[in-house]
Visitor: 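Below you'll find the structure I mean.
Letters A, B, ... mirror the listed sequences (proteins, then strands); counts begin at 1.
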Amino acid sequence: MSSDTRELVRAALSDALLRAQQDGALPSVPAPEVRVQRPPNAEHGDYACNLAMRLAGAMRLPPLDVATAIAARVERGDLIADAEAARPGFINLRIRGDWKRDRLLDAIAAGDGWGRASQPAGERVQVEFVSANPTGPLQVGNGRGAVLGDALATVLDAAGCEVQREYYVNDAGGQIGLFGQTLLARYLQQQGVEAELPEGGYGGAYMIDLAGRIAEEAGARWREADAGQPPQELVDRGLELMLEQIRADLLLIGVRFDHWQSERALFDAGDDDAAAPYEAAMSLLREGGYVVEKEGATWFRSGDAGEEQDDVKDNVLIRSSGEPTYFASDVAYHYDKFLRRGFDRVIDVWGADHQGHVARTKASVSAVGGDGDQLEVLLYQLVHLRRGQERVRMSKRTGELVTLRELVEEVGADATRFFLLQRSADAQMDFDLDAATSQDPRQNPVSYVQYAHARCAGILRAAAEQGVEAGAEHLALLEHPREDALITAILTLPELVVDMAARREPHHLTTYAQELAQQFTQFYDACRVLDADEPQRSAARLTLVEAAKCALAATLRLIGVSAPDEM
RNA sequence: GCCCCUGUAGCUCAAGGGAUAGAGCGGCGGACUUCUAAUCCGCAGGCUGGAGGUUCAAGUCCUCCCAGGGGCGCCA
């Protein structure tokens with residue numbers, strides 16, 4: 001047990017309130033959920049609670065009086081050293097030093113798994129992210145989605161969820177046709193055949209490389225192909241190679257998927273003869289009365305069946321040509337996620353330019369018999385690339401690319417992950433390539449955190465050489481303010497994991513990592529660990545260093561950044 | 001016109017409705033006989049875009065306005 005200090009504190013406050021009400025000190029009004037926070041100022045203790053201020057109105061008492069009554073009844077013991085009411089009506093709690101120091105042993109036992117929930121959350125959740133069209137290499141924007149989705153999945157996993165990472169491969173539809181035509185044109189050009197890129201085709205140089213690789217494999221086999229009709233085999237091979245590259249690019253920043261879901265496969269019947277997800281979903285929509293035929297096409301009506309609503313736009317499912325739209329695939333896809341594969345919850349990570357699709361997709365989930373509220377869409381704002389003052393435009397079509405791979409090659413995988421995770425998904429971010437590349441690699445927050453970890457490792461190495469061993473017998477000697485601050489920072493990680501998972505906000509990891517590293521570095525600066533004159537203190541501090549190393553390693557692991565032992 | 005996101009230090013951005021709004025970079029000034037100076041300490045820098053409102057308490061919630069980004073296809 002253990003790492004759930006915050007839960008124990010909450011329970012203690014609930015008990016105290018209940019007692020105050022039972023012995024008549026406070027009126028019996030319904031109690032709100034008890035929340036505690038880490039006060040920004042260490043003078044206010046380890047935890048602070050606003051319970052009294054929230055109760056004061058209903059109780060018709062001054063907040064400070066309510067706080068005093070509750071604080072007086074908080075049980076002091078192994079966990080809580082002191083509770084006191086403060087100014088407007090806060091209840092500030094101080095955790096017993098021994099209790100905090102003993103938790104260091106929990107951290108050491110957990111190693112780089114420190115922060116993980118002790119109990120499974122019992123939720124099967126899928127995080128679908130990146131899902132970039134396989135018509136070109138991943139760009140920096142995709143990288144943001146990759147880092148965000150991967151970190152979110154990692155955080156949810158740490159919070160006890162059963163998590164699946166998925167990439168949706170758009171291997172059907174109009175853009176694939178265009179991709180095939182472009183590929184064929186490039187191929188034919190290399191075969192010395194006159195061929196023009198299709199209107200709006202993919203002009204990037206990577207298509208030339210791709211055609212070259214295919215020519216190496218297939219020779220002149222498709223030399224006679226009709227430029228408007230790329231052979232399926234050629235297109236498939238092109239997609240395969242493109243996906244291989246995407247996979248490799250993602251691997252560069254340590255992102256791996258559990259499942260790659262083909263869009264095309266949604267149109268195929270299953271092995272057990274079940275109807276294709278597409279067919280099944282369309283039937284459900286029709287049966288539910290969500291489908292209208294008009295203007296020669298088939299539309300999804302997301303509002304109440306059959307009712308005309310001004311504020312709800314109909315969306316085309318099947319074009320008048322008979323071809324299903326991307327949206328139809330998406331309906332089938334989410335039907336498959338919820339109704340076939342049975343996820344409790346699905347989180348789609350989308351670029352903000354897909355914002356307009358959220359409502360209709362949720363509506364479609366409900367329409368096919370799922371619960372649209374179980375689908376969450378995490379939108380991330382776009383990354384703007386700059387070189388100094390100059391905006392870098394990004395477009396696959398024009399071929400002017402700043403690829404994820406280029407970025408990683410320039411700034412390194414660790415910095416890429418850290419920087420792309422640093423901002424909240426809601427915030428647009430500027431990525432200045434000049435700054436990232438010209439900047440001394442030593443002078444960035446990633447190195448700062450990694451350096452703290454390396455220093456921990458260095459101290460442990462030196463200790464081993466000197467034959468000094470860590471010991472838990474004299475942890476009470478850890479009483480320096482910097483030591484206490486470091487301990488507090490280490491103990492915050494499990495709470496942070498819970499909060500980040502609940503709020504779907506993995507970016508807090510980067511702020512925390514810097515805070516933790518700073519606490520360690522300040523401790524390092526103020527407190528000599530290995531001191532032959534004070535063997536007991538050395539042993540205790542060595543334990544603290546071990547725990548700090550675990551917390552740093554765990555944090556870096558959650559971010560997806562390496563934790564070097566030497567720098 | 002409608003919808004989503006944003007507006008916080010010179011720049012890039014943090015900050016569950018809480019206490020004195022914080023980091024990094026940039027600027028200025030200090031500190032290495034040390035377990036790593038890839039570090040530490042100090043200084044300067046803010047009416048949190050504006051106006052109302054809700055609340056014991058607003059950067060955070062609500063309304064309006066201004067500014068920037070994105071979206072409103074039988075494209076994806």
Visitor: How far does the P atom of B:C62 sit from the matching atom of B:C11, given to the nearest Å?
Guide: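 Their P atoms lie roughly 27 Å apart.
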Visitor: So what is the 5' to 3' dot-bracket string for RNA chain B, if pairs are Watson-Crick or G-U wobble with both distances under 3.5 Å, crossing pairs use [ ] and | means the partner sits on another strand?
Guide: (((((((..((((....[...)))).(((((.......))))).....(((((..]....))))))))))))....
Visitor: Is there a side-chain contact between A:Tyr448 and the phosphate of B:C40, meaning an N or O under 4.0 Å from OP1 or OP2?
Guide: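 So the side-chain polar atoms of A:Tyr448 do come within 4.0 Å of the phosphate oxygens OP1 or OP2 of B:C40, strictly under.
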Visitor: Regarding A:Asp499 and A:Arg6, does a basic nitrogen lie under 4.0 Å from an acidic carboxylate oxygen?
Guide: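 Result for this pair is yes, salt bridge flagged.
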Visitor: Please determine whether any donor N or O and acceptor N or O are separated by less than 3.5 Å between the side chain of A:Asn92 and the base of B:A19.
Guide: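 By the distance-only test, yes, there is a pair.
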Visitor: Would you check if there is a donor-acceptor pair between the side chains of A:Gln422 and A:His507 at a distance under 3.5 Å?
Guide: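 The answer is no; no qualifying pair exists.
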Visitor: Rounded to whole angstroms, how far apart are CZ on A:Phe418 and P on B:A14?
Guide: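 Interatomic distance, CZ of A:Phe418 to P of B:A14: 13 Å.
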Visitor: Can a cation-pi geometry be assigned to A:Arg360 and A:Phe327, taking NZ or CZ under 6.0 Å from the six-membered ring centre and within 45° of the ring axis?
Guide: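 Satisfied, under 6.0 Å and within 45°.
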Visitor: Are A:Leu183 and A:Pro230 packed together at the side-chain level, in the sense that at least one heavy-atom pair is separated by less than 4.5 angstrom?
Guide: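 Answer no - side chains too far apart.
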Visitor: Atom CD of A:Gln422 and atom P of B:A15: how far apart are they, to the nearest Å?
Guide: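 So the two atoms are 11 Å apart, to the nearest Å.
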Visitor: Can you find an N or O donor on one side and an acceptor on the other, under 3.5 Å apart, linking the side chain of A:Asn50 with the base of B:G18?
Guide: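 Answer yes: a donor N or O sits under 3.5 Å from an acceptor.
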Visitor: Near RNA chain B, under 4.0 Å by heavy atom, which residues of residues 516-530 of chain A?
Guide: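 By residue number: A:Thr521, A:Gln522, A:Tyr524, A:Asp525, A:Cys527, A:Arg528, A:Val529, A:Leu530.
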Visitor: Quickly work out the A:Tyr380 OH to B:G71 C1' distance and round it to whole Å.
Guide: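 Those two atoms, OH and C1', are 15 Å apart.
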Visitor: Any ion pair linking A:Lys337 and A:Glu166 (charged N to carboxylate O, less than 4.0 Å)?
Guide: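 Looking at A:Glu166 and A:Lys337, the cut-off is not met.
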Visitor: Could you tell me how far apart A:Arg54 (CZ) and B:U54 (P) are, to the nearest whole angstrom?
Guide: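 Distance, rounded to whole Å: 21 Å.
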Visitor: Strictly below 4.0 Å: does A:Arg503 bring a side-chain N or O up to OP1 or OP2 of B:G16?
Guide: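 Yes, because at least one side-chain N or O of A:Arg503 sits under 4.0 Å from OP1 or OP2 of B:G16.
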Visitor: So, under a plain 3.5 Å distance rule, would you say the side chain of A:His357 forms a donor-acceptor pair with the base of B:A76?
Guide: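 Donor-acceptor pair under 3.5 Å: yes.
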Visitor: Across the strands shown, which category fits A:Asn41 at heavy-atom distances under 4.0 angstrom: base, sugar-phosphate, nothing?
Guide: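 Answer is base: heavy atoms of A:Asn41 come under 4.0 Å of a base.
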Visitor: Is there, by distance only and without an angle test, a donor paired with an acceptor across the side chain of A:Thr325 and the base of B:C74 below 3.5 Å?
Guide: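 Counting by modelled atom types and ignoring angles, no donor-acceptor contact under 3.5 Å is found here.
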Visitor: Sort out for me which residue in A:Arg10, A:Arg38, A:Arg35 forms a salt bridge (charged side-chain N to carboxylate O under 4.0 Å, His left out) with A:Glu495.
Guide: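 The option that passes is A:Arg38.
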Visitor: In whole Å, I'd like the distance from the NE2 atom of A:His480 to the P atom of B:C40.
Guide: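 So the two atoms are 16 Å apart, to the nearest Å.
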Visitor: Any luck finding a side-chain donor-acceptor pair between A:Gln450 and A:Asp414 under 3.5 Å?
Guide: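 Yes, A:Asp414 and A:Gln450 have a side-chain donor paired with an acceptor closer than 3.5 Å.
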Visitor: Once you apply a heavy-atom cut-off of 4.0 Å, does A:Ala48 come out as touching a base, just sugar-phosphate, or nothing?
Guide: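 Base, at least one base atom sits under 4.0 Å.
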Visitor: Which label fits A:His357 and A:Trp350: parallel for a plane angle under 30°, tilted from 30 to 60°, or perpendicular past 60°?
Guide: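 Perpendicular, since the angle between the ring planes exceeds 60°.
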